[in-house]
Structures are given as structure tokens and as C-alpha cells.
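Indexing begins at 1, ligand by ligand and atom by atom, following the structure's order.
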Amino acid sequence: MCTVGGAHDVEMEEDRVKGKDYRCRDCNATFKAVGKHPICPTCQSENLTEA
Ligand SMILES: [Zn+2]
């Protein structure tokens, strides 16, 4: 019949880019980062809070 093979694996890719939202307590910037020790992209501070 008409088999156009290939499933829609959109969810796989979405699972790779999971980041958390953080807010910098020094400059108040909000950003998304991955990893256990994120730093502020604006002022390089580690003084962050999870948003
Ligand atoms: Zn900052």
C-alpha cells in the first residue's frame, strides 16, 4: 500500500534541549541554562536562583 515510512520523532529532539530558568541575583538577568553549575551570561556570577 502507501507506506511513506518514518515516524514522527519530534519528541526525541525536544528531550535533548531541556534547560532550567535561572535568575541572577547580582544583575537580575534571567536566562536558561543546562548543567549543574550555571553562571550568569551577563556578569559571570554564580549567585543564581532557580526561576
Ligand atoms: Zn548576572
Side-chain angles (χ1 to χ4, degrees):
M1 302 292 266
C2 192
T3 5
V4 195
H8 296 276
D9 295 313
V10 190
E11 283 179 41
M12 275 184 62
E13 200 160 320
E14 198 170 312
D15 199 45
R16 286 192 58 193
V17 266
K18 52 182 172 187
K20 280 182 179 178
D21 287 310
Y22 291 94
R23 186 169 60 83
C24 178
R25 291 170 134 155
D26 288 340
C27 72
N28 220 38
T30 52
F31 58 97
K32 197 163 266 203
V34 286
K36 284 186 175 182
H37 300 288
I39 57 165
C40 174
T42 306
C43 68
Q44 270 73 47
S45 173
E46 293 178 32
N47 192 13
L48 312 171
T49 179
E50 260 184 55

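Looking only at side-chain heavy atoms (C-beta outward), K18 and V34 stay at 4.5 Å or farther from each other.
Under the side chain to side chain donor-acceptor pair (under 3.5 Å) criterion, R25 pairs with no residue, sequence neighbours left out. The side chain to side chain donor-acceptor pair (under 3.5 Å) check on S45 picks up D26, with sequence neighbours excluded.
From T42, atom OG1 reaches atom CZ of F31 across 7.5 Å, with rounding to the nearest 0.5 Å.
Sorted by first and then second residue, the salt bridge (Lys or Arg N to Asp or Glu O under 4.0 Å) pairs involving residues 39-51 (not counting sequence neighbours) are K20-E50.
Protein N/O/S atoms closer to the Zn ion (ligand 1) than 2.8 Å number 4 in this structure.
Closest non-hydrogen pair, G35 versus P38, comes out as O-CD, 3.9 Å.
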